Structure formats: C-alpha cells, structure tokens
Number of protein chains: 2
Amino acid sequence: MTVTIYDVAREANVSMATVSRVVNGNPNVKPATRKKVLNTIERLGYRPNAVARGLASKRTTTVGVIIPDISSIFFSELARGIDDIATMYKYNIILSNSDQNKEKELRLINNMFEKQVDGLIYMGAGITEEHVQQFKTSSVPVALAATIDPTDAIPSVNIDYEKAAYEATTLLIENGTNHPIYVSEEGDSPVNSKKLDGFKQAVVDANQELNEDYIIHTKLNYKSGEEAAKKIVEMGNYPKAIFAASDELALGIIHGLQDHGVDVPNDVEVVGFDNTRLATMVRPTLTTVVQPMYDIGAVAMRLLTKFMNKETVDDQNVILPHQIMRRNSTK
Amino acid sequence: MTVTIYDVAREANVSMATVSRVVNGNPNVKPATRKKVLNTIERLGYRPNAVARGLASKRTTTVGVIIPDISSIFFSELARGIDDIATMYKYNIILSNSDQNKEKELRLINNMFEKQVDGLIYMGAGITEEHVQQFKTSSVPVALAATIDPTDAIPSVNIDYEKAAYEATTLLIENGTNHPIYVSEEGDSPVNSKKLDGFKQAVVDANQELNEDYIIHTKLNYKSGEEAAKKIVEMGNYPKAIFAASDELALGIIHGLQDHGVDVPNDVEVVGFDNTRLATMVRPTLTTVVQPMYDIGAVAMRLLTKFMNKETVDDQNVILPHQIMRRNSTK
DNA sequence: ATGAAAGCGCTAACAC
DNA sequence: GTGTTAGCGCTTTCAT
C-alpha cells in the first residue's frame with residue numbers, strides 16, 4: 001500500500017536510520033549514499049508520515065490558533081500574519097473558531113493539546129483565571145494576540161488601547177467637541193475597558209464632567225452603527241463628534257448619520273478604531289486608530305517560535321506602536 | 001511526566017484495551033468498570049494523545065484547507081462555513097494560504113498529505129492537470145469549494161457563474177444600457193472565464209455587437225475599482241452601466257465615480273458580484289449577485305465528510321443556487 | 001465483557 | 001558514516 005521508510009531502506013540497501021537522516025537533512029551521510037537514497041525515495045514516491053514522526057519525536061510542527069471568528073475582517077488579518085510567520089518557520093496551523101464562547105474556548109484549548117500542538121496562539125475578548133488554568137494543564141507555550149491577560153502572566157502582543165483611545169478622543173476634543181460620544185461594545189472585556197478608560201481620561205483631562213448619556217453600548221458591527229446613529233440623531237441636541245470602537249461600527253454610524261441628512265465631517269465628526277481595509281472603503285474616508293493587525297499576528301507567532309525553541313525572551317508582553325490616521329471623517 | 005493510557009489502565013486495574021474502549025465510547029464495557037475507568041481518568045488528568053491515536057487508527061480527524069488568502073472578505077466567509085461543519089463532524093482544520101501561487105499550492109497539497117489529513121478542501125483560481133496529478137498521489141478525498149475543475153473530475157461546490165453573470169448583465173441591459181461595461185480580473189481562470197462568457201452572451205442576446213473597449217481587465221480589489229472608474233469617466237462618452245466581477249471592485253468603482261461627480265445610480269448604474277458584507281456597507285447599497293459563500297464552504301465540507309465515510313454520493317459536482325439582490329446602485 | 005499482544009511509521013540513542 | 005534497537009501512545013484483532 002503506502003510506502004514507508006522501511007521500504008525505502010530495503011530498496012536502497014541501507015538502514016531506516018540512514019533514510020531518516022537524509023530525509024531530515026542530517027549531514028552525517030556520505031554524499032553517495034544520500035544520492036542513492038534520494039533516488040529510491042523518488043522512485044518509490046515515498047512521502048514521510050508526519051504523524052509517525054510526531055509520535056516519535058514529540059514535535060508535530062503544528063501550532064493551534066484559537067480565534068473568535070475567522071470571517072471577521074479584523075481577525076482574519078491577524079490570522080494571515082500568524083500563518084505567514086508560521087509558514088516561514090515550517091509550522092502548520094490548526095485553526096478553530098471560538099465565537100468568544102468561554103466553554104468553547106476552554107474545550108478548544110484542550111482539543112489543541114490533545115492534538116499535540118507545539119504551541120498555541122490565542123485570541124479572544126480576554127483571559128480569565130480559568131483560561132490560565134486550562135493553559136497550565138500542558139507545558140506547551142501559549143501566546144496571546146490582540147488579547148489581554150490582566151495579570152500579564154501569559155506572553156502577549158497588543159497595542160496600548162488606552163493610550164490609543166485617549167489620543168483619538170483628544171483629537172475630537174481639540175477639533176472642538178468637548179465631550180464626544182463614545183460607542184462601543186457591551187461587556188467589560190479588558191480591551192474594551194481600556195478603550196473606555198482612555199476615552200474617559202481624555203474627557204476628564206479636558207475638564208469635562210463625564211456624561212453617561214454619551215457613552216453608548218452596542219455591538220461592534222455595522223448594523224449596530226446604523227442604529228446607534230439613529231439613536232444619536234434622535235437625541236436632538238448632541239455632541240458633534242463620535243468615537244467608535246471599531247471601523248465597522250464607525251462605517252455604520254457614518255452611513256446612519258448620512259441617511260438622516262447629517263454631513264460627515266461638517267456636521268458631525270467620526271473616528272474609528274483598527275484601520276481595517278474598510279477605513280478607506282467609505283466616503284468620507286475614515287479617520288481611525290491604526291492597529292497593526294497583521295503585525296500583531298506575525299509578532300505573536302514569532303514570539304511563540306522563540307518559546308517553542310526554548311530561547312530566552314526579554315519582554316514577553318509586547319506592545320506594538322499605534323498611530324492616528326487622519327482622513328476625511330474628521331475636520 | 002505525561003499520563004498515558006497505560007497509567008490509567010494500571011491505576012484502574014484494567015487493561016489498556018478497556019481504557020481505550022471507554023475513551024472511545026465503545027459500548028462493550030460494563031457500566032461499573034466504565035465508571036471506575038472514568039474516575040481514574042479524571043483523577044490522573046489523562047488526556048488522550050491524538051497523534052498516537054492517529055498513527056494507530058490511520059485517522060487523524062483533521063482535514064486540510066488550502067485557501068488563496070484568509071484575509072480576503074470572500075474566502076474567510078467560506079472558511080467559516082468549512083470550519084463550522086468540520087466542527088460539527090468532529091474534525092479540525094489545518095489552514096494554509098496559497099496566494100494562488102501554483103508551486104505553493106502543489107507544495108501545500110503534499111504537505112497536507114504528509115500530515116495525514118483525512119480529507120482536503122481546496123480553493124483556488126482553478127484546477128490544472130498538475131493539481132489533479134498531485135491530488136492523485138494520495139487516496140485522501142478532495143473537495144473543491146468555489147473552485148472549478150474544467151473536467152469535473154474532482155468533487156466540487158460552486159454556483160453557476162455564467163448564468164449569474166448573464167442575469168446581472170441582463171438586469172443592466174433591461175434598465176436601459178445596451179452594452180454595459182464589464183470590469184473583471186486579468187487572467188483566464190475558469191471562474192473568470194465563465195463570468196465573462198455570461199456577460200458576453202447577455203450582450204449578444206440583446207442584439208449588441210461586442211465592444212472590447214467596454215471589457216476592462218484589472219485586479220479584483222477596491223483600489224483597482226477606483227482606478228477603473230477614473231478610466232471610464234475619462235472615456236467621455238461611455239455606457240451608463242457597469243458590471244463589476246466582485247463587490248470590493250464595485251465599491252471602488254462607485255466611490256471612484258462619486259469622486260468624479262458621477263451619481264450612482266442616476267448617472268451610472270453599478271452591479272457587483274458575491275454579496276459580501278461590503279454590499280450593504282456602501283451608499284448607495286450595492287445591487288449584486290448573491291453567492292452563498294458560507295454555504296459553499298459548508299456544503300463542500302459536508303460533501304467531504306461523505307467521501308471520508310465512504311458513503312456514496314449521487315452528484316459530486318454540486319451547483320448551489322444564486323440570485324440577484326437588487327439594492328440601490330441600480331434603478 | 002475484558003485482556004494480551006502485535007503493530008502503526010518514525011526518531012533517537014547507542015554501538016560499531 | 002551507518003546500522004540496531006527501543007520505544008512514542010494508542011487501536012485493533014484475536015482469544016478467552
């Protein structure tokens with residue numbers, strides 16, 4: 001049936017060990033025999049069995065990736081960064097969607113460990129004590145991408161969400177709106193909280209009293225943005241600047257505003273968060289916080305390779321730089 | 001170190017075989033011993049090693065997924081459909097990006113087979129004889145998603161691209177433009193060709209002479225759309241309807257048109273293709289061909305499970321229904 | 001209903 | 001530079 005390393009050894013008149021050596025590029029093989037082996041590999045169409053190799057070597061050269069939703073324009077970009085670096089280091093990726101469902105997340109972590117992944121990249125709203133416990137059931141290294149562990153115990157790659165939100169809010173304030181409206185998602189995930197903290201701090205630093213009416217909680221998607229815009233317009237007298245916690249939300253808000261005859265940015269300014277490809281796919285183009293999604297994924301994967309190689313890393317919680325990209329949704 | 005099935009057997013005073021049976025839900029175990037085994041599994045924190053299991057059973061419960069680019073809004077939706085059904089059938093997914101690079105594609109197929117995937121979902125511009133040869137190096141079942149094999153030899157899930165393009169074009173013609181402009185990607189991938197064929201047929205059926213000036217080749221992305229719009233406007237006297245081969249391209253065209261003071265749909269009508277989430281994230285909202293991406297992925301995966309179970313399938317080349325979604329970019 | 005034992009295909013000492 | 005030989009942790013006949 002399928003040809004094994006044993007068949008190759010027999011046909012080439014060498015031992016399995018020698019075949020294994022040439023397959024794995026071990027230099028301790030005489031060029032002549034290497035060639036001989038290579039030839040019979042070619043002739044027999046031998047293909048190494050990675051599962052057997054994994055069992056014997058205890059390395060599968062695959063890493064697990066737990067992601068909230070691969071169809072999200074945000075996370076799929078992260079995933080691309082992860083896979084590119086994984087490929088560069090000869091790893092494959094096992095990808096699973098969690099939908100940010102805690103039980104599913106916990107189950108998936110276990111599942112990845114069963115599959116003997118060499119490492120794990122985790123993305124989610126945030127990490128709880130239970131997650132950490134689950135990670136600890138194995139000695140396999142884990143890295144968080146665009147995900148916060150409040151205790152900083154797990155290696156991670158993020159941006160400074162609080163500072164980024166602070167800066168975005170300040171931009172709006174400096175443009176003339178003392179207390180912008182903040183629209184974000186419900187729930188108090190760490191990332192979420194940091195953004196809100198940054199927003200609040202900026203308002204406070206501008207000597208404004210916080211007004212909870214101007215803090216709107218909804219979902220982070222387009223439709224919610226449209227709805228939020230409607231709600232805002234119906235407030236009648238409302239601040240003329242809006243900070244949305246995601247680009248998609250911002251697009252929904254812009255279009256919702258426009259549908260009600262509000263001009264962006266002349267009547268109301270809007271800034272988003274992430275700088276997904278959507279940001280340039282609207283009119284007016286979106287001013288937003290640049291979060292380097294691809295790089296976060298890539299750096300997280302790179303970090304993971306270091307742990308998998310047992311290299312020492314200086315800083316296991318890396319903060320990537322962000323910036324504010326001014327486009328046409330603000331003045 | 002790690003606890004194995006052998007440890008559980010010893011601690012529970014049963015054989016490995018019995019532990020294996022309870023782990024795999026084999027009914028041939030007395031309830032009492034099952035409970036005893038379950039307890040010691042719990043106590044020892046035993047976690048089955050899927051690699052060892054894979055080697056022994058020759059089933060890895062993982063399927064390979066080769067995808068052009070997971071960060072694409074189109075393909076990531078397909079991937080989600082694939083993963084959901086995979087999860088439903090207890091499979092995991094190994095995901096790799098090919099960038100539609102043939103050598104990479106061929107290498108990835110081989111890589112997936114090395115990893116002993118139980119099945120393979122392939123997405124790409126199209127299948128060549130070499131791809132088929134590569135698939136044939138293994139007996140592992142393969143299914144194509146949103147990908148055409150001209151010979152129909154490989155199981156696949158698609159829509160009728162030609163008919164869909166024909167209908168979209170006809171809509172434009174019936175709205176008053178005898179020979180719309182067609183904007184699509186360069187190259188003659190099967191999917192691409194079918195769309196173009198459908199377009200041409202619709203024009204011919206409307207008793208129009210084909211005008212190659214009105215068939216524009218570019219990339220399928222937003223920026224190309226903006227550029228195409230510029231080119232079109234500069235034509236001066238041009239048809240007042242445009243059929244774009246993807247939604248993203250259509251968005252670029254719409255905005256490019258608007259940037260030149262052209263009103264959509266009153267001055268020029270635009271229809272897209274795919275009905276990605278982008279279609280509702282523009283003003284005017286986009287009239288487009290609905291391609292059920294998620295379903296294509298889901299059905300392809302479902303189809304694959306049938307082959308993996310050696311079930312007989314009646315039609316291995318499934319064509320899912322499409323439709324035209326009329327929104328506001330057409331009259 | 002349960003156990004014994006032979007692999008699955010490969011790597012990794014260790015010996016020569 | 002090459003071969004021998006234990007396993008890796010599990011499933012799967014085949015007995016009993």
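Atom set for the values below is all heavy atoms of this structure, side chains included, hydrogens, waters and symmetry mates excluded. Chain naming here is simple, since letters A, B, ... match the order of the sequence lines and numbering starts at 1 in each. Only a predicted model underlies this, so the values are computations on that prediction, with no experimental measurement involved.
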Per-nucleotide protein contact string for nucleotides 5-16 of chain D, where B marks a base within reach and S marks sugar-phosphate only (heavy atoms under 4.0 Å, - for neither): --BBBBBB----

Stepwise side-chain hydrogen bond (donor to acceptor under 3.5 Å, both in side chains) check, B/Thr305 with B/Asn309: CA-CA 6 Å; B/Thr305 64; B/Asn309 292 335; 5.0 Å; no

Salt bridge (charged side-chain N to carboxylate O under 4.0 Å, His left out) partners of residues 13-32 of chain A, not counting sequence neighbours, each pair once: none

Flag for B/Ser156-B/Asn317: side-chain donor and acceptor within less than 3.5 Å: yes

Touch class at under 4.0 angstrom, heavy-atom based, for B/Asp7 against every strand present: nothing

Distance-only polar pair, side chains of B/Arg43 and B/Thr40, donor-acceptor under 3.5 Å: no

Within residues 22-75 of chain A or reaching into it, pairs that qualify as ring pair (Phe, Tyr, Trp, His ring centres under 6.0 Å) - sequence neighbours excluded: none

Listed partners of B/Glu129 passing side chain to side chain donor-acceptor pair (under 3.5 Å), at least two apart: B/Gln133

Sequence neighbours excluded, every pair satisfying ring pair (Phe, Tyr, Trp, His ring centres under 6.0 Å) that has a member inside residues 117-157 of chain A: A/Tyr122-A/His131, A/Tyr122-A/Phe135

A/Glu130: side chain to side chain donor-acceptor pair (under 3.5 Å) partners, not counting sequence neighbours: A/Lys102

Side-chain N or O of A/Ser15 closer than 4.0 Å to phosphate OP1/OP2 of D/dT2: no

Residues within residues 27-36 of chain A bordering DNA chain D, heavy-atom distance below 4.0 Å: A/Asn28, A/Val29, A/Lys30, A/Thr33

For A/Lys194, all residues meeting side chain to side chain donor-acceptor pair (under 3.5 Å), sequence neighbours excluded: none

For A/Ile70 against A/Asn97, the heavy-atom pair lying closest together: N-ND2, 2.7 Å

Donor-acceptor pair between B/Lys306 and B/Thr312 side chains, under 3.5 angstrom: no

A/Ser139: partners by side chain to side chain donor-acceptor pair (under 3.5 Å), with sequence neighbours left out: none

Of all pairs that satisfy salt bridge (charged side-chain N to carboxylate O under 4.0 Å, His left out), the ones with a partner from residues 73-90 of chain A, not counting sequence neighbours: A/Arg80-A/Asp84, A/Arg80-B/Asp69, A/Arg80-B/Asp99

For chain B, the stretch of DNA chain C it reaches, first to last nucleotide, under 4.0 Å of its heavy atoms: C/dA1 to C/dG9

Degree of bending in the helix from C/dA1-D/dT16 to C/dC16-D/dG1 once both end axes are built from five pairs, to 10°: 30°

